[in-house]
Engineer: 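Mind having a look at this structure? Questions to follow.
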Amino acid sequence: MKTHRIALYPGDGIGSEVVDATVVVLDATARKLGGFQLAYQSFDWGIAYYDKHGRVAPEDFLTTLKAFDAIFLGAVGWPARLPDHVTLVPLITMRQSFDLYACVRPARTFPGVPHPLRSDQPIDVVVVRENSEGEYTDNGGFFATGTPNEVALQTAVHTRRGVERILRFAFALARTRRKKLTMITKSNAQKYSYVLWDRVLVELAPEFPDIATDKLHIDAATLELVRRPHTFDVIVGSNLFGDILSDLTGGVTGSLGLNPSANLNPERKFPSLFEPVHGSAPDIAGQGIANPTGAILSGAMMLEWLGETKAAALIRGAVERALAAGNLTPDIGGKANTKQITDSIVQQLA
Ligand code: GGG
């Protein structure tokens with residue numbers, strides 16, 4: 001029996017509700033298939049931890065996490081209690097310190113789940129977000145603080161190595177799908193950082209002659225993802241653009257509550273991190289109505305990463321069938337609660 005060691009970081013708001021639901025589905029899947037089990041350790045980091053200790057996670061939290069095979073995170077943030085830029089620090093630190101440079105965020109439409117667009121053409125896209133540098137680099141400061149002349153500087157960092165490895169990752173992913181890659185920049189206005197992205201794309205494209213390559217500026221991309229989302233396959237962009245676009249792909253496919261994500265260190269030198277794309281949703285926290293499918297599908301991505309491909313496929317099929325059977329949470333127009341959809345997914349593990 002193989003044991004995968006999983007660190008759970010439920011976090012804030014609905015984080016613990018969707019993580020609990022995911023554990024139920026993962027354990028039911030392991031019992032059904034046999035051959036592997038999951039050994040969890042849960043950490044109480046987040047705003048409650050901050051209230052007691054004055055920091056969101058312990059100083060040595062990275063050392064603690066390094067011992068695990070994977071990290072599973074729920075959601076972080078509750079701005080009425082602590083500023084978001086404080087609560088987010090451990091997540092950004094994990095991504096950068098563990099070199100989790102490939103953030104993979106699939107979004108698709110599901111039969112039986114309403115979405116806001118007029119067209120009924122199925123949407124099936126993956127946003128690949130550069131996750132280790134770019135606009136999220138901790139590089140800047142305030143000057144003349146509190147005076148009328150106050151200035152804030154924040155400098156993005158885009159390295160050739162960083163751009164090249166994320167483009168290679170996205171090309172390789174496109175090869176496993178519909179063989180189309182769209183790169184998002186703003187190289188008409190940002191004439192250093194995204195011009196580097198443009199140059200690296202031109203250099204790499206001949207190595208992937210089977211992939212149709214396209215590029216769009218971020219403003220045009222937001223328009224086209226509403227007008228013709230079904231025409232996109234793999235979308236690759238910087239840290240900030242990937243963050244923004246994955247909320248948009250969640251929106252056009254029905255709800256951010258449906259979207260999983262993986263923060264991968266493709267070289268496997270560090271544990272990779274899995275989390276739903278959605279945040280902590282303080283407005284519905286504690287009501288038991290959060291949509292757990294984004295978290296559960298993140299659990300499927302985690303099992304696939306750990307080599308349990310059959311288990312991952314089983315969960316994906318069960319989610320699809322549970323949604324098609326009408327178990328819809330309020331964010332997608334239904335009345336089901338978190339427990340009902342979770343129980344239905346477990347029943348559908350056929
Ligand atoms: N489930 C992930 C979560 O809580 N995300 C909140 C957030 O704002 N994340 C920003 C980011 O992904 O960079």
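Numbering of ligands and ligand atoms starts at 1, following listing order. Please read all numbers here as calculations on a predicted model, not as lab measurements.
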Engineer: Between the side chains of Arg105 and Asp247, is the shortest nitrogen-to-carboxylate-oxygen separation below 4.0 Å, so that they form an ion pair?
Structural biologist: no
Engineer: Tell me if the CD atom of Glu59 is crowded by more than 12 foreign heavy atoms within 6.0 Å.
Structural biologist: no
Engineer: Can a non-hydrogen atom of Arg129 be found less than 4.0 Å from any atom of ligand 1?
Structural biologist: yes
Engineer: Within the structure, is a non-hydrogen atom of Pro276 found at a distance of less than 4.0 Å from ligand 1?
Structural biologist: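 So Pro276 counts as touching ligand 1.
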Engineer: Decide whether the shortest distance between a heavy atom of Gly74 and an atom of ligand 1 is less than 4.0 Å.
Structural biologist: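 Gly74: in contact with ligand 1 (<4.0 Å).
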Engineer: Tell me which protein heavy atom sits closest to atom 2 (C) of ligand 1, plus the residue, atom name and distance to 0.1 Å.
Structural biologist: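 Answer for atom 2 (C) of ligand 1: Glu275 OE1, 2.7 Å.
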Engineer: How far is atom 5 (N) of ligand 1 from its nearest protein heavy atom, and which residue and atom is that?
Structural biologist: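 Scanning the protein heavy atoms, the shortest distance from atom 5 (N) of ligand 1 goes to His278 O, 4.1 Å.
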Engineer: Looking only at heavy atoms, which two atoms of Tyr50 and Leu82 are closest? And how far apart?
Structural biologist: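 Taking Tyr50 first and Leu82 second, the nearest heavy atoms are CE2-CD1, 3.4 Å.
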Engineer: Please check: side-chain N/O of Thr293 versus main-chain N/O of Gly257, any donor-acceptor pairing under 3.5 Å?
Structural biologist: yes
Engineer: Can you tell me which portion of Leu88 lies within the under-4.0 Å heavy-atom range of ligand 1? Options are side chain, backbone, both, or neither.
Structural biologist: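 For Leu88, the contact with ligand 1 is made by the side chain alone.
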Engineer: Would you say Tyr136 and ligand 1 have an N/O pair spaced under 3.5 Å apart?
Structural biologist: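 By distance alone, the answer is no.
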Engineer: Could you list which atoms of ligand 1 come closer than 4.0 Å to a heavy atom of Arg105?
Structural biologist: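 So the answer, numbered in order with elements, is 12 (O).
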Engineer: With a cut-off of 4.0 Å, which atoms of ligand 1 are near a heavy atom of Ala75?
Structural biologist: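 Per the distance check, 1 (N), 4 (O).
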Engineer: Does only the side chain of Val76 get under 4.0 Å from ligand 1, or the backbone, or both, or neither? Count heavy atoms.
Structural biologist: both
Engineer: Return the NZ to CG distance between Lys310 and Leu33, rounded to the nearest 0.5 Å.
Structural biologist: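 Answer for the NZ-CG pair, Lys310 versus Leu33, is 6.0 Å.
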Engineer: Please check if the side chain of Thr3 supplies one atom and the backbone of Gln37 the other of a donor-acceptor pair under 3.5 Å.
Structural biologist: no
Engineer: Considering distance alone, does some N or O of Ser280 sit under 3.5 Å from an N or O of ligand 1?
Structural biologist: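 In fact, backbone or side chain, Ser280 has no N or O that close.
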Engineer: Are any non-hydrogen side-chain atoms of Met301 and Pro106 less than 4.5 angstrom apart?
Structural biologist: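 They are in contact (side-chain heavy atoms under 4.5 Å apart), so the answer is yes.
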Engineer: List the closest protein heavy-atom neighbour of atom 12 (O) of ligand 1: residue, atom name, distance to the nearest 0.1 Å.
Structural biologist: Arg95 NH2, 2.9 Å
Engineer: Assess the pair Tyr194 and His158: is the distance between their ring centroids shorter than 6.0 Å?
Structural biologist: yes
